Amino acid sequence: MKEQQVTQILQEIAEQEVSDSLNLWPAIRAQAQSQRRPSRWARVVPATRLGWAFLALALCLALGAVAYAVAPILERVFRIEAGLYDIEQAGLVQELDLSQTTDGITVTLQRVYADANRIVVGYTVSGPEGLPTDRHLLSAGETLSDATGTIFPWEVGHGITGPSDLLEEVSSLPGEGAYVLSFDAAAVKGAPETLDLRLVMDVETYVVPTPVPPTPGVYENRGPLEPVMPVSTAGPFTFDFSVPFTPGHALEAQQTVKAAGVAVKLERVVITPSETRAYLCFDPPDGESEDWWPTVSWSTAGGQIYGAGPGFYDQVFTLDRSARTMVNRNGEGPCYSCSVLASLDDQSGEWTLTVTELVGYDPAQPGEQTRLAGPCVFRFQVP
Amino acid sequence: MEEQKAIARLKRGDIGGLKALVHKYQVQAVRTAYLITRDRALAEDTVQAAFLRACERIGQFDAGRPFGPWFLRSVANDAVKSVTRSKRQISLETGSLADLLADPNPGPAQVAEAADLRQTVWDALGKLPPAQRAAIVLRYYLGLSEAEMASELACPPGTVKWRLHAARKRLRRLLRPLWAAASGSGR
């Protein structure tokens, strides 16, 4: 038997077991939507060769100069978003100091917060002393659940390891990182005084290559960057904790407005100290062949305007950049949650939520979009 | 071109881009994972998770490169981790080398009786540790070079070379009667 036969036999075995008609997309889409979250590591792990060079340089500087300790960096990460800054200023964030060490890696859960829209956890990760400077630690597989086994899906997150590309002059020490994650709290039943929660995560170690310094003034095409994969995984790290719950207030709107032949329903609005969220539903205008998303804008009684379109959190910017917005799909159904990540609970009066258009993405025609112009305008009173 | 558009779309956070990539690579990915995990459900779970991880890490991906090799190598890597973590595979992983060697190889008579050559190869592959099995799958099923394999197995090329060498050696031993039969018939 020749080795070439192995190739043929492997192909035959694989084709016999897995047919060409396999379709994983429904399951993957469901998981992607339940875990819909930003590509946060793109913020902290450079995507270009120039980025690696910058990171390596910044790491060298961090070694030889004054760098922030991890805990202060966590505070900076916490304040990167208006909603988190607001709850910190209001004294609603609970400080913890729960640490676990596995394989020389320590994860410390430092800050937690919960309301009817989201549950926030802030933690730091530190590697063992003497960790090579080309190693970066990133948390992975974070899962938050309560005592009943309910799993709260990801909402948004931020993190820093190495130099930040969002916060100027902020850089962690090698082998350290600070992260703030928000999970969707919509599954919380009623208005409990506290939530008993469990946070589980792994920590992955990445090797960041040190590039050869470029020759000044000479452009050198070194080809594509090799993909970065973890070289080791530590964990799981498990934290059990309780956090006070802030229910905020929910407005049952139950309004339906039709535009471009599509009936859009605003079911309710939930206003909490960290986030304001509207729940919208509409049947896809073109069956299931396209992936439809609403583009919305908010106008509060105070006259502030916030806009949000389809896409991940970090691709969406508001007119007021201090308060970010986002749109998520809720499960498999045709319903969406549209959020402003800021404390707007002091702006009582008439608010307007406008669905400016519906955008359909055809998976068979990447890059093609179908746009149905609105507007669908909803008005409601915030007490 | 369609693939590059899909990746660009995914980089913008548009999940429709992921759908196009899933449709293009899901079958080959599940086949790759199945050859390593030997468990259809585990293979599908592994590939689903790999697509979601690719979605998360698409920011690190150079859109000028083909997505397929990068993704399929990561699937193989994840499949090794999955099968190592799987309790169903503990008996294979905890078995000592002596136990495996003590497992009698099929003799010529048994091989002659074996109606299915594929089953014999399949059984032999099953006796390899997952990392060595992945090395065989990457080399012979996906047709990757040793250097290409090293980039995604997160180990130096020398380690891949050793794994491949060890896997080949063991496969040869396990399939010795077949190799002998093929050599004999060729004369």
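If you're wondering where the values come from, they're calculated on a predicted model, not measured in any experiment. Just the heavy atoms: all of them, side chains too, but no hydrogens, waters or symmetry mates, feed the values below. Protein chains get the first letters and strands the later ones, always in sequence-line order, with residue 1 at the start of each.
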Q: Taking ring-ring contact (aromatic ring centres under 6.0 Å, His included) as the definition, give me every residue that meets it alongside B/Tyr141, ordered by chain and number, with sequence neighbours left out.
A: none

Q: Let me confirm one number: the CH2-CD distance from B/Trp122 to A/Glu17, rounded to the nearest 0.5 Å.
A: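 It is 7.5 Å, given to the nearest 0.5 Å.
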
Q: How many angstroms lie between atom CG of B/Leu125 and atom CD1 of A/Ile13, to the nearest 0.5 angstrom?
A: 6.5 Å

Q: I'd like to know which of A/Asn23, A/Val18, A/Asp20 tops the heavy-atom pair count under 4.5 Å against chain B.
A: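 The answer is A/Val18.
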
Q: Rounded to the nearest 0.5 Å, what separates atom CG in A/Leu10 from atom CG in B/Leu142?
A: 9.5 Å

Q: Considering non-hydrogen atoms only, spot the tightest contact between A/Leu24 and B/Gln26 and give its length.
A: N-OE1, 2.7 Å

Q: Is A/Ser21 in contact with chain B via its backbone, its side chain, both, or neither, using a 4.5 Å heavy-atom distance?
A: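 Contact with chain B involves no heavy atom of A/Ser21 at all.
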
Q: Under the ring-ring contact (aromatic ring centres under 6.0 Å, His included) test, which residues partner B/Phe51, sequence neighbours left out?
A: B/Phe71

Q: Can you find a heavy atom in the side chain of A/Leu22 that is under 4.5 Å from one in the side chain of B/Arg31?
A: no

